[in-house]
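Here is the structure we will look at.
Each chain gets a letter, A, B and so on, in the order its sequence line appears, and its residues count up from 1.
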Amino acid sequence: MSNTPSQEAQELTAMLKRRGFIQPAYELYGGTAGFYDYGPLGQALKRRFEDLWREHYVIQEGFGEVSTPTIAPEPVFQASGHLDQFDDVLVECPGCRTGTRADHMLEDEFQRLAHELENNIQTLTEDAETDEDVQALIWARERIMQTLDEGRATVETEADEDTIRELLAIPTQNQQAPITGVEETHSHLDLTLLPCAYQITDTRHDDIILAGEITCQQCGHGLPREATVAPFNLMFATRIGPGDSDPGYLRPETAQGLFVNMPWLYRYHREKIPFGAVQIGRAYRNEISPRQGLIRLREFWQAEAEVFVDPNDKTHPRFDAIKTTNVPLVPADNDPLETTLETAVEKGIIKNQQVAYYIARTQQILTQAGIHPDRLRFRQHESDEMAHYASDCWDAEFQSQRYGWVECVGIADRGCYDLEKHQKESNDSMEAFRRYDEPQTQRVTRIEPDMGTLGPTFKKDAGTIAEKLKNLDPETIPNDEPLTLTLNNETIEIPPDAYEIIDEEQTVHGETFLPHVIEPSYGIDRILYAILEHAWKPSEDRNRLQLPPRMAPIQVGILPLVSKDGLPKKAQTIETTLKQHGIHTRYDDGGSIGRRYARLDEIGTPLAITIDHQTLEDDTVTVRDRDTQNQTRTPTNDLPTKLLPILNGQATFNDL
RNA sequence: GCGGCCGUGGUCUAAUUGGUAGGACUAGGGCCUUCCAAGCCCUCGGCCCGGGUUCAAAUCCCGGCGGCCGCACCA
């Protein structure tokens, strides 16, 4: 969807650099793709967005904000799946040196083979001489088509192997031919067609062996039977401490820092579900070929929230407040539509209220930040596009004049994926407790081994036997006969005094469960680009950055009309007052007044106050509105109380 | 990662067939100036990096880095 950058977009890029918003990093040394610097204005803009985000998630939602390290030891990503699944497997063609993703290549190859086999069988069926052959081919065809999707095909037929090979035109002398692993079992042949022919042996840190007869799609060069293909993991690797013993990685998302702290955060939130935790920070992905400025970076900023919810209850307590919100949706398997969130959840387009709620939240934040509502939509991931952890996922996408629709927020129902993996990897509980409304009593029958007897009798096997006993169903314990167990292929007899059957009443107050996680994840850099592009209003006589006032890096310009007659001094006094109220000002007495207004318009400063000779007489100044260029006169003393509401977005210039 | 095009002050751009860089805008200083990029004077600032060919390279050749476009990729 990339176009040649328009004149407008190029001018925006130039302005962003000239005025100190952003520029490619390390230009001094030739630049490094995928890294950007935020200058004074860009950083200020980013802070304003972060503060807006915090206002929604930390203040209004009440989620605790944390800050965790950007480097994590290997087990974290072993658990999260990033080490195994967060990579692309690349095959390099020795002919044209094109790198292709191995899994994509195999997929294409299976498709091609499917068609070829289909055709072969079609013609061969017509030529088949005996009914048996025809029957065999029909079976073969059905099974092949049925199972080809899985990358393997099993053919059951009464015809012998040679007939099949011949009829399918498969050379027998070639060990790597699509039919391998032929086994004769009773009256049918089990032909395992594809997995041996095109086998990816993924041993992770070793090379991957690709066997088979595949030609490069780019140049037609045959790939060698055992082309080595390397997994390209998108994480930056490093070493923690000296030596190679302790590998670490720069985090590819801030989320893991929240997951690993789930028990801590659960206690902080006084063991109540649902609760949320958030983090704003840097994340790293070693992209193969980053381009498109802020859109694809190797080091970027995320603002992520993890909301831990009860899997049995994904309603949202404040859903009523947002249910009539209209949102433009692009569902995975339906036409785009605009509907209320209530309808979308009722119709099952959005899976649950929790996801819907954060879609609404996201819409609020992004539009408040200055993304145009008509150029914002929510698109559902196709099932094959979904990350390895997600069960439902919606992307907020903004429409860029330059890059087309670009995702900038992902709202995913990650289920219990992450917590389960970390629980397993760490052997620590990630569970929460669900208290019943009424404690429940239940009769429990269980077997209690008597170690005092088992120990001396069975010595070192006692522990294993005790485990086995506990796992027996008490119902199956014979009453009269001795109890027997199989241990190490031996049958042993357990005397009745070595265990006790306990039948008791237990009171249960609740149960533990793994919470599910709803994750709204914001890509800050992309959002900032969206804000800038949507706010950019170039024209022949003046360029204007129409930022919402609360996003503006510089809030108020302070301009003495002329730099004499004591006007600069008066202006600086006023500026000091405004600064004391926390207003970010910029004093400028250089050049004509028009030039100075233009400079402020270009960086999105919403208000400018001008100190003129009348100020010296009656202590009033003019306040100028960036968007309309209108001016109104205001007493100096009223400035802080009048300007602050405008800058916070609670009032407009017309309220002055 | 592949292919095509490209790389001159902060930005845009000029420099016959090789002869060591000129302009505009911006910015800084000054003059002038009573409200929207006015004018005048002065100033700062450049050949992406490294190698090669040559008496001499912004220019030709090779490599690297970066950019744009296409392909590919994008949990």
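At least one side-chain heavy atom of T238(A) sits less than 4.5 Å from a side-chain heavy atom of L250(A). Two residues are said to be in side-chain contact when any heavy atoms from C-beta on lie closer than 4.5 Å; Q279(A) and E306(A) fail this criterion. By the 4.5 Å heavy-atom criterion applied to side chains, E27(A) and K17(A) are counted as neighbours.
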Polar atom pairs between nucleotides 6-11 of chain B and protein, under 3.5 Å, N or O only, would you list them?
| residue | atom | partner | partner atom | Å |
| --- | --- | --- | --- | --- |
| rU11(B) | OP1 | K17(A) | NZ | 3.3 |

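Comparing the C1' positions of rU43(B) and rG9(B) gives an interatomic distance of 14 Å, to the nearest angstrom. When the C1' atom is compared between rG4(B) and rC44(B), the two are found 39 Å apart, to the nearest whole Å. Rounded to the nearest Å, the gap between the C1' atom of rG46(B) and that of rC12(B) is 13 Å. Rounded to whole Å, the separation between the P atoms of rC60(B) and rU8(B) comes to 14 Å. rG1(B) and rU17(B) have their C1' atoms separated by 39 Å, with the value rounded to a whole Å. rA15(B) and rG52(B) have their C1' atoms separated by 24 Å, with the value rounded to a whole Å. Taking the C1' atoms as reference points, rC65(B) lies 30 Å from rA24(B), given to the whole Å. As rounded to the nearest Å, rG45(B) and rU26(B) have C1' atoms that lie 11 Å from one another.
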Side chains of residues 29-44 of chain A: which donor-acceptor pairs under 3.5 Å do they make with residues two or more places apart or in other chains?
| residue | atom | partner | partner atom | Å |
| --- | --- | --- | --- | --- |
| Y38(A) | OH | D525(A) | OD2 | 2.6 |
| Q43(A) | OE1 | K46(A) | NZ | 3.2 |

Report all side-chain donor-acceptor pairs from residues 554-569 of chain A shorter than 3.5 Å, counting only partners two or more places apart or in another chain.
| residue | atom | partner | partner atom | Å |
| --- | --- | --- | --- | --- |
| Q555(A) | OE1 | H584(A) | N | 2.7 |
| D565(A) | OD2 | H613(A) | NE2 | 2.8 |

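The distance from atom CG of L607(A) to atom C1' of rC35(B) is 16 Å, rounded to the nearest whole Å. For D601(A) and rC35(B), the CG to C1' distance is 13 Å, given to the nearest whole Å. Going from atom CZ of R633(A) over to atom P of rU34(B) covers 15 Å, rounded to whole Å. Rounded to whole Å, the distance from OH on Y29(A) to P on rC65(B) is 18 Å. The CG-P distance, from N543(A) to rC36(B), rounds to 18 Å in whole Å. In this entry the distance linking CD1 of I603(A) with P of rA37(B) reads 17 Å, nearest Å. The distance between atom CG of D565(A) and atom P of rC35(B), rounded to the nearest whole Å, is 13 Å. The nearest whole Å value for the distance from the CG atom in D588(A) to the P atom in rC36(B) is 16 Å.
Residues F398(A) and W405(A) place their aromatic rings such that the two centres sit no closer than 6.0 Å.
Contacts of Q614(A) with the nucleic acid, taken as non-hydrogen atoms under 4.0 Å apart, are absent. Within the 4.0 angstrom heavy-atom criterion, no nucleotide atom of any strand lies near N630(A).
No cation-pi contact links R544(A) to W536(A), judged by a cut-off of 6.0 Å to the six-membered ring centre and 45° from its axis.
The main-chain N or O of N286(A) is never found under 3.5 Å from a side-chain atom of R298(A) such that the two would form a donor-acceptor pair.
For rA37(B), the OP1/OP2 oxygens have no side-chain nitrogen or oxygen of S592(A) closer than 4.0 Å. In terms of phosphate contacts, R624(A) brings no side-chain nitrogen or oxygen within less than 4.0 Å of OP1 or OP2 of rC36(B). In this structure, R599(A) reaches the rA27(B) phosphate: one of its side-chain N or O atoms is under 4.0 Å from OP1 or OP2. When the side-chain nitrogen and oxygen atoms of R296(A) are compared with OP1 and OP2 of rC73(B), none of them lie within a distance under 4.0 Å.
Residues E602(A) and P290(A) each lie close to RNA chain B; by heavy-atom proximity, the contact nearer the 5' end of the strand is made by E602(A). Toward the 5′ end of RNA chain B lies the nearest nucleotide of G590(A), the other residue of the pair G590(A) and T610(A) mapping further downstream.
Considering only the side chain of R595(A), rA38(B) comes nearest among rA38(B), rC36(B), rG67(B). Of the candidates rG66(B), rA37(B), rU34(B), rG66(B) carries the atom nearest the A33(A) side chain, counting heavy atoms from C-beta on. Set against rC35(B), rA37(B), rU34(B), the side chain of K564(A) has rU34(B) as its closest nucleotide. Of the candidate nucleotides rA37(B), rC35(B), rU34(B), rC35(B) has the atom lying nearest to any side-chain atom of D612(A).
Taking the ring pair (Phe, Tyr, Trp, His ring centres under 6.0 Å) definition, one finds that Y529(A) meets it with Y403(A), sequence neighbours left out.
In this structure, OG1 on T636(A) lies 8.0 Å from CD1 on I611(A), to the nearest 0.5 angstrom.
For residues 600-610 of chain A, every residue pair satisfying the salt bridge (Lys or Arg N to Asp or Glu O under 4.0 Å) rule, not counting sequence neighbours, is listed here: R18(A)-E602(A), R19(A)-E602(A), R542(A)-D601(A), D601(A)-R624(A).
Taking a pair as Watson-Crick or G-U with both hydrogen-bonding distances under 3.5 Å, the stems of three or more pairs touching RNA chain B are B:1-7 with B:65-71, B:10-13 with B:22-25, B:27-31 with B:39-43, B:48-52 with B:60-64.
Classification of the F77(A)-H82(A) ring pair by plane angle, with boundaries at 30° and 60°, yields perpendicular.
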